[in-house]
Amino acid sequence: QAIHDDHALLDAMPSTPSRSTETANYFRKTTTITSIESLKSTVSSCLSGDSVSKRDLVILLHRAELKAERADLRYYLRKEGFKDDDVNGWKRIHWGTGYTYPLHVAAMDLDELQVRNLLRFRANVAAVDSAGKTALQRLSRQCQSCGCWSASKAEDPRTRRILSLLERRNSAKQGLTY
């Protein structure tokens, strides 16, 4: 039910840039409140029963966290112009002459939280944009302009962490082990 409510909230979002931050905060707060309320009601119903295991409560908490992360990711995808249900969907850029993917956008914006969320929800690390570059190659190329060539040499800690995440996932996808 909360997922359908998210669509209604997204459709009702104003398109003016001055209210975008206010809308984002409202959406996140509403989604979190919905998730917390449903979790509270589920936990209280479990506690009223005679047999409640710690495992069941941990599972409920994990599901609520996943639901909140999924809602945050859906909002991010929608905000960036992607379909809100596809982490591997592309969008047109440069007046329709090129295309990019959510992982590329998040990596170039140095948004570590969204990179982690995209990877958690199985974004394709090997996806290439219209220039034939992966997100790792894009970010590495951006770092080359400042003189760093790998995750260990990147000056900005966010860049270093994102490069490390992408390198690990890329290596795992190619079958290499650490």
Side-chain angles (χ1 to χ4, degrees), residues 3 6 9-10 13 17 20-36 39 58 61-94 98-178:
I3 293 174
D6 294 347
L9 285 172
L10 287 171
M13 285 177 25
S20 62
T21 305
E22 180 181 315
T23 305
N25 291 337
Y26 173 76
F27 177 75
R28 286 188 177 127
K29 185 191 303 181
T30 306
T31 304
T32 305
I33 288 172
T34 306
S35 299
I36 290 173
L39 178 66
V58 169
L61 181 60
H62 179 70
R63 284 181 182 164
E65 288 172 352
L66 274 177
K67 191 174 184 180
E69 287 173 4
R70 191 172 290 123
D72 187 39
L73 182 61
R74 291 176 70 191
Y75 172 76
Y76 174 78
L77 291 172
R78 187 84 178 251
K79 180 185 79 165
E80 293 295 333
F82 296 97
K83 293 180 182 177
D84 65 345
D85 59 344
D86 189 9
V87 295
N88 291 312
W90 53 271
K91 74 171 182 178
R92 290 269 178 206
I93 55 172
H94 303 299
Y99 59 92
T100 190
Y101 292 91
L103 190 59
H104 290 72
V105 173
M108 294 305 291
D109 290 343
L110 299 180
D111 193 343
E112 184 182 358
L113 175 66
Q114 294 307 329
V115 169
R116 286 182 187 277
N117 276 345
L118 285 163
L119 291 175
R120 184 170 189 178
F121 288 103
R122 303 189 187 276
N124 185 3
V125 184
V128 292
D129 61 5
S130 56
K133 305 287 185 204
T134 64
L136 177 61
Q137 292 167 338
R138 282 266 181 214
L139 191 56
S140 296
R141 186 171 184 155
Q142 182 181 356
C143 288
Q144 287 174 5
S145 65
C146 68
C148 60
W149 291 86
S150 68
S152 60
K153 294 183 181 179
E155 293 178 13
D156 183 24
R158 287 183 307 171
T159 307
R160 192 171 35 244
R161 287 191 302 266
I162 292 171
L163 279 170
S164 176
L165 278 170
L166 293 172
E167 286 173 352
R168 274 197 312 256
R169 185 59 66 96
N170 196 30
S171 296
K173 190 159 186 92
Q174 293 174 356
L176 303 176
T177 58
Y178 278 62

Exercise. Say you draw a straight line from CH2 of Trp90 to NZ of Lys83; how long is it, rounded to the nearest 0.5 Å?
Worked result: 8.5 Å

Problem set entry | Note, Leu119 side chain near Val125 side chain (heavy atom, < 4.5 Å) | yes

Exercise. Does any N or O in the side chain of Asn88 come within less than 3.5 Å of the main-chain N or O of Asn124, such that one atom is a donor and the other an acceptor?
Worked result: yes

Problem set entry | Between CG on residue Leu77 and CG on residue Asp86, distance to nearest 0.5 Å | 8.0 Å

Problem set entry | Side chain to side chain, Arg74 and Arg70, heavy atoms closer than 4.5 Å | yes

Exercise. When the ring planes of Tyr101 and His104 are compared, do they come out parallel, tilted or perpendicular, using 30° and 60° as the limits?
Worked result: tilted

Problem set entry | Stepwise side-chain contact (heavy atoms from CB on, under 4.5 Å) test for Leu165 and Val115 | CA-CA 8 Å; Leu165 278 170; Val115 169; 4.2 Å; yes

Exercise. If every non-hydrogen atom of Ala135 is compared with every non-hydrogen atom of Ala107, which pair is closest and at what distance?
Worked result: CB-CB, 4.3 Å

For this session: Carefully, step by step, assess Leu113 and Tyr76 under the rule side-chain contact (heavy atoms from CB on, under 4.5 Å).
Result: CA-CA 11 Å; Leu113 175 66; Tyr76 174 78; over 6 Å; no

Problem set entry | Under 3.5 Å donor-acceptor, Asp111 side chain and Val105 backbone | no

Exercise. Hey, does Leu110 have a side-chain heavy atom less than 4.5 Å from the side chain of Leu139?
Worked result: yes

Seminar exercise, completed: Residue set satisfying salt bridge (charged side-chain N to carboxylate O under 4.0 Å, His left out) with Arg92, at least two apart, ordered chain then number -> none

Exercise. Quick one: CG on Leu163 to CZ on Arg158, what's the gap to the nearest 0.5 Å?
Worked result: 12.5 Å

Exercise. Tell me, which pairs form a salt bridge (charged side-chain N to carboxylate O under 4.0 Å, His left out) where one or both residues lie in residues 125-135, sequence neighbours left out?
Worked result: Asp129-Arg138

Exercise. Under the side chain to side chain donor-acceptor pair (under 3.5 Å) criterion, do Arg160 and Ser164 qualify, and how do the steps go?
Worked result: CA-CA 6 Å; Arg160 192 171 35 244; Ser164 176; over 6 Å; no

Seminar exercise, completed: Rounded to the nearest 0.5 Å, the CG atom of Leu166 sits from the CZ atom of Arg161 at a distance of 13.0 Å

Exercise. Taking side chain as C-beta onward, heavy atoms only, is Val87 less than 4.5 Å from Leu103?
Worked result: no

Exercise. In Å and rounded to the nearest 0.5 Å, what is the CD1 to CG distance from Ile162 to Asp109?
Worked result: 9.0 Å

Problem set entry | Step-by-step side-chain contact (heavy atoms from CB on, under 4.5 Å) determination, Leu66 to Arg120 | CA-CA 10 Å; Leu66 274 177; Arg120 184 170 189 178; 3.6 Å; yes

Exercise. What distance do Asp72 atom CG and Gln114 atom CD have between them, rounded to the nearest 0.5 Å?
Worked result: 5.0 Å

